[in-house]
Engineer: 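Below is the structure I would like to discuss, written out as structure tokens.
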Amino acid sequence: MADPRGFMTTPRQEWPRRPVEERVRDWHEVYVPGGLLPIISKQADRCMDCGVPFCHEACPLGNLIPEWNDLVSREDWRAAADRLHATNNFPEYTGRLCPAPCEAGCVLAINQPAVTIKNVECAIADRAWEEGFTPPRPPDRLSGRTVAVIGSGPTGLAAAQQLTRAGHTVALYERDDRLGGLMRYGIPAFKMEKHHLERRLEQMLAEGTKFRASTEVGRDVGAGEVRARYDAVVIATGATAWRELPVPGRELIGIHQAMEYLPLANRVCEGDVETSPVCAAGRHVVIVGGGDTGADCLGTAVRQGAASVTQLDIYAQPGVERDEDLEPWPTYPKIYRLSPAHQEAGDLGTAPVADADARLFAASTLRFTGDADGHVRELHLAEVDVERRPLPGTERAIPADLVLLALGFSGPSREDGLIEQLGLRLTPRGTIARDPAFATNVPGVFAAGDAARGQSLIVWAIAEGRAVAASVDHHLTGAWSLPSPIGPYDRPMRV
């Protein structure tokens, strides 16, 4: 604890964002480049080094937060990078994409703004790359065992890296032409530029992981063939079966799933296509769904030059402070948060029918209506009560010629035939069933991440990847030698 009074003398200061008018004209990250370094040591000083650090419990990775906060406050970046990477394979991802449940569990957050843990983590990760503190770590010797990891999102990448470093020969299968899963084509570049992803992939290649892109297991290669070829298989395909909105007019042209829209925008940024066939330019856009994916659609539509953008959230607008009765510390509270995309929409006035930040709260979609050509033109909505039931007399219509459905995901996709070909047992929720060791009902086949847990956060995805790697390593060697931060049935802290 470098400054015992830091939490009393230093106010919370976050990574500054670039001006809205500047950042909406490009696809670079929204934060000021290098803006963390002048402030981050003092921010790390705010850590109380409390006797029982609840941030450890709030983070499924078990990140050693007080330790690397202290090291950053002393500007010992190499040691901080070592402590950070001891529990997290990809801190530059979580430092940008995780909603930071660790900050909700910060002891300082009982009566003050929490330590900027997420910003400190990102600063360490970026400094580690700049200073060369993250060289490849190939194994000293090979075990002679082989593992197939299916899916290259954060779970698959973490599992593959852990198993490769343990000495196993790992092949990572990805159905898309590039690795990264939703981090590649689902997360917009203004939230995380793809060079962060490329660096880790280059590191993993140098360590010995084999990449098999453009290969969909179940279609391009049979699932049974993969199972027969490897000593163990890890299924980390994610929860890609999106939820539908079964209301009248859903069949109209111009209504798309968010994960049809966002990958196309990302492919434009990758240079694969010049323009997206589903573009918001000049159109009245309505996003149905109030979560992070909806916010990603919002920021993307603003950058594409939409005529207007409105986001519908079926839940009532939360308060700005934690409800201590319903969501006491250290649980992660549902409070009003202003993401960079909502800040942009508010400053630019993109949604004249909505509140300042483009969101309509407590709003439910009733139906869509279109023109003679079958193209959507209006979305009809109503206000809802606390039970999310439409209130009589509140119906109205808003312009909509592009509608994006961001309603979340129900489980792994069944379209590739992977589940059926292997004969995997499913839970009543539609996720892959597994035992306490992450093993499925098929010998030698393990399941991790959203495909088994259900839709979750990136920090849980990486924790699942590390944990399933430990179980696979034990299955192959008979010894527990890799860290296992969580069990398959662990859940975030709740009341």
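Just so it is clear, the structure is predicted and the values come from calculations on it, not from any experiment.
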Engineer: For F409 together with W242, are the ring centres under 6.0 Å from each other?
Structural biologist: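 Aromatic pair excluded; centres sit 6.0 Å or further apart.
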Engineer: Checking N63 side chain against I65 main chain: does a donor-acceptor pair fall under 3.5 Å?
Structural biologist: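 Checked: no pair found.
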Engineer: Quick check: does any side chain N or O of D490 sit under 3.5 Å from a backbone N or O of I486, one acting as donor and the other as acceptor?
Structural biologist: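 Checked: no pair found.
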Engineer: Taking all heavy atoms of G430 and all of P412, pick out the closest pair and write down the distance.
Structural biologist: O-CD, 3.4 Å
Engineer: For the atom pair NE2 (H56) and OG1 (T87), what is the distance rounded to the nearest 0.5 Å?
Structural biologist: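 Rounded to the nearest 0.5 Å, the NE2-OG1 separation comes out at 8.5 Å.
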Engineer: Under a 4.0 Å threshold between the charged nitrogen and the carboxylate oxygen, would D272 count as salt-bridged to R178?
Structural biologist: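 A salt bridge links R178 with D272.
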Engineer: Within this structure, what is the CD-CG distance for the pair E130 and D126, rounded to the nearest 0.5 Å?
Structural biologist: 6.0 Å
Engineer: If you count the non-hydrogen atoms of other residues, nucleotides and ligands that lie under 6.0 Å from CD in E321, is the total more than 12?
Structural biologist: no
Engineer: Compare every heavy atom of L298 with every heavy atom of A358, then report the nearest pair and how far apart it is.
Structural biologist: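 The answer is CB-CD1, 4.2 Å.
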Engineer: For the residue pair R267 and Y185, would you count it as a cation-pi contact if the rule is NZ or CZ under 6.0 angstrom from the ring centre and within 45 degrees of the ring axis?
Structural biologist: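 Flagged: R267 positioned over aromatic ring of Y185.
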Engineer: Under 4.5 Å between any side-chain heavy atoms of E57 and M493, yes or no?
Structural biologist: yes
Engineer: Could you give me the CA-CA distance, side-chain angles and deciding distance for T116 and I39, then say whether side-chain contact (heavy atoms from CB on, under 4.5 Å) is met?
Structural biologist: CA-CA 11 Å; T116 54; I39 65 172; over 6 Å; no
Engineer: So which atom in I255 and which in G249 form the shortest heavy-atom distance, rounded to 0.1 Å?
Structural biologist: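 Residues I255 and G249, closest heavy atoms: CD1-O, 3.4 Å.
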Engineer: When you compare the side chain of Y93 with that of M192, does any pair of heavy atoms fall below 4.5 Å?
Structural biologist: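 They are in contact (side-chain heavy atoms under 4.5 Å apart), so the answer is yes.
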Engineer: Restricting to side chain to side chain contact (heavy atoms under 4.5 Å, CB included), what partner residues turn up for P392, sequence neighbours left out?
Structural biologist: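 P392 satisfies side chain to side chain contact (heavy atoms under 4.5 Å, CB included) with no residue once adjacent residues are dropped.
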Engineer: Whether the S214 and D176 side chains hold a donor-acceptor pair (N or O, under 3.5 Å, no angle test) is what I'd like checked.
Structural biologist: no
Engineer: I'd like to know if the side chain of R359 and the backbone of T310 have a donor-acceptor N/O pair within less than 3.5 Å.
Structural biologist: no
Engineer: Are a donor atom and an acceptor atom from the side chains of N89 and Q161 found within less than 3.5 Å of each other?
Structural biologist: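 Checked: N89/Q161 side chains pair up, N/O donor to acceptor below 3.5 Å.
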Engineer: Does T331 use its side chain to pair, donor to acceptor, with the backbone of R494 at less than 3.5 Å?
Structural biologist: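 Flag not set: sc T331 to bb R494 has no pair under 3.5 Å.
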Engineer: Under the salt bridge (Lys or Arg N to Asp or Glu O under 4.0 Å) rule, collect the residues that match up with R466, sequence neighbours excluded.
Structural biologist: none
Engineer: Less than 4.5 Å apart, side chain to side chain, heavy atoms only: is that true for M259 and T240?
Structural biologist: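 No, too far: nothing below the 4.5 Å cut-off.
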Engineer: If every non-hydrogen atom of A80 is compared with every non-hydrogen atom of V72, which pair is closest and at what distance?
Structural biologist: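 Answer, listing the atom of A80 first, then V72: CB-CG2, 4.0 Å.
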Engineer: For the NE2 atom on H28, are there more than 12 heavy atoms of other groups (residues, nucleotides or ligands in this structure) within a distance under 6.0 Å?
Structural biologist: no
Engineer: Counting C-beta onward and ignoring hydrogens, is there a side-chain heavy-atom pair between V268 and E274 closer than 4.5 Å?
Structural biologist: no
Engineer: If only atom types and distance count, is the side chain of Y31 paired as donor or acceptor with the main-chain N or O of R96 below 3.5 Å?
Structural biologist: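 No: the side chain of Y31 does not pair with the backbone of R96.
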Engineer: For the atom pair CG (L379) and CD1 (I398), what is the distance rounded to the nearest 0.5 Å?
Structural biologist: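 So the CG of L379 and the CD1 of I398 are separated by 5.0 Å.
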Engineer: Taking 4.0 angstrom as the limit, do E29 and R18 come out as a salt bridge?
Structural biologist: no
Engineer: Taking atom types as modelled, is there a side-chain donor on Q257 or R243 under 3.5 Å from an acceptor on the other?
Structural biologist: no
Engineer: Which heavy atom of I462 sits nearest a heavy atom of A158, and at what distance?
Structural biologist: O-CB, 3.9 Å
Engineer: Is there a donor-acceptor contact under 3.5 Å from the side chain of R46 to the main chain of K42?
Structural biologist: no
Engineer: Please check if the side chain of R12 supplies one atom and the backbone of P113 the other of a donor-acceptor pair under 3.5 Å.
Structural biologist: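 Checking the backbone N and O of P113 against the side chain of R12, no donor-acceptor pair under 3.5 Å is found.
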Engineer: Salt-bridge test for E420 and R414: reply yes if a basic N is under 4.0 Å from a carboxylate O, no otherwise.
Structural biologist: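 Yes.
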Engineer: Does N119 use its side chain to pair, donor to acceptor, with the backbone of W15 at less than 3.5 Å?
Structural biologist: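 It does hold such a pair.
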Engineer: Does one side chain, of D45 or T10, offer a donor that lies under 3.5 Å from an acceptor on the other?
Structural biologist: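 Absent: no donor and acceptor within the cut-off.
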Engineer: Determine whether the side chains of E383 and T394 contain a donor N or O and an acceptor N or O closer than 3.5 Å.
Structural biologist: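 No.
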Engineer: Is a salt bridge present between E103 and K118, judged by a nitrogen-to-oxygen distance below 4.0 Å?
Structural biologist: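 The answer is no: the pair does not qualify as a salt bridge.
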Engineer: Would V376 and I253 satisfy side-chain contact (heavy atoms from CB on, under 4.5 Å), going step by step from the backbone distance to the final call?
Structural biologist: CA-CA 6 Å; V376 66; I253 301 168; over 6 Å; no
Engineer: Are any non-hydrogen side-chain atoms of Q304 and Y261 less than 4.5 angstrom apart?
Structural biologist: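 Yes, their side chains come closer than 4.5 Å.
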Engineer: Looking at Q203, E202, H196, which one forms a side chain to side chain donor-acceptor pair (under 3.5 Å) with R199?
Structural biologist: H196
Engineer: Any side-chain heavy atom of C106 within less than 4.5 Å of one from F54?
Structural biologist: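 The answer is no, as the side chains (C-beta and beyond) never meet within the 4.5 Å cut-off.
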Engineer: Would you please say whether a donor-acceptor pair under 3.5 Å links the side chains of T365 and H380?
Structural biologist: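 Side chains of T365 and H380: no pair found under 3.5 Å.
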Engineer: At what distance, to the nearest 0.5 angstrom, does CD1 of I187 lie from CG of L262?
Structural biologist: 8.0 Å
Engineer: Please step through side-chain contact (heavy atoms from CB on, under 4.5 Å) for the pair R23 and F190, ending with a clear verdict.
Structural biologist: CA-CA 8 Å; R23 70 186 196 234; F190 59 80; over 6 Å; no
Engineer: Calculate, to the nearest 0.5 Å, the distance between atoms CZ and OG belonging to R175 and S152 respectively.
Structural biologist: 10.0 Å
Engineer: For a quick test of reading the model, state the closest non-hydrogen atom pair linking P101 to C98 and the distance between them.
Structural biologist: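 Smallest interatomic distance, heavy atoms only, reads CD-SG, 3.6 Å.
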Engineer: Under 4.0 Å between a Lys/Arg side-chain N and an Asp/Glu carboxylate O for E464 and R434?
Structural biologist: yes
Engineer: Does a donor on one side chain and an acceptor on the other come within less than 3.5 Å for N69 and Q43?
Structural biologist: no
Engineer: Does any non-hydrogen side-chain atom of P91 lie less than 4.5 Å from one of I124?
Structural biologist: no
Engineer: Does a side-chain heavy-atom distance below 4.5 Å link L426 with I432?
Structural biologist: yes
Engineer: Show the numbers, then the answer: is there a salt bridge (charged side-chain N to carboxylate O under 4.0 Å, His left out) between K194 and E270?
Structural biologist: CA-CA 9 Å; K194 306 311 173 186; E270 293 276 9; over 6 Å; no
Engineer: Determine yes or no for a side-chain-to-main-chain donor-acceptor pair under 3.5 angstrom, with H85 supplying the side chain and A81 the backbone.
Structural biologist: yes
Engineer: Using a strict 4.0 Å threshold on nitrogen-to-oxygen distance, state whether K191 and D296 make a salt bridge.
Structural biologist: yes
Engineer: Distance check, rounded to the nearest 0.5 Å: L182 atom CG versus L97 atom CG?
Structural biologist: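 Reported value, rounded in 0.5 Å steps: 10.5 Å.
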Engineer: Looking only at side-chain N and O atoms, does T94 offer a donor or acceptor that is under 3.5 Å from a partner on E121?
Structural biologist: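 Indeed, the side chains of E121 and T94 share at least one donor-acceptor pair under 3.5 Å.
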Engineer: I want to check a possible cation-pi pair here: R127 against F133, using under 6.0 Å from ring centre and within 45° of the ring axis as the test.
Structural biologist: no
Engineer: So, E198 and R184, do they make that salt bridge, N to O below 4.0 Å?
Structural biologist: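 The answer is yes: the pair qualifies as a salt bridge.
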Engineer: Judged by atom type as modelled, is there a donor-acceptor pair below 3.5 Å linking the side chain of E327 to the main-chain atoms of R322?
Structural biologist: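 Here the side-chain-to-backbone pair does not exist.
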Engineer: Ion pair present between D371 and R377, side-chain N to carboxylate O less than 4.0 angstrom?
Structural biologist: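 A salt bridge is present here (some side-chain N lies under 4.0 Å from a carboxylate O).
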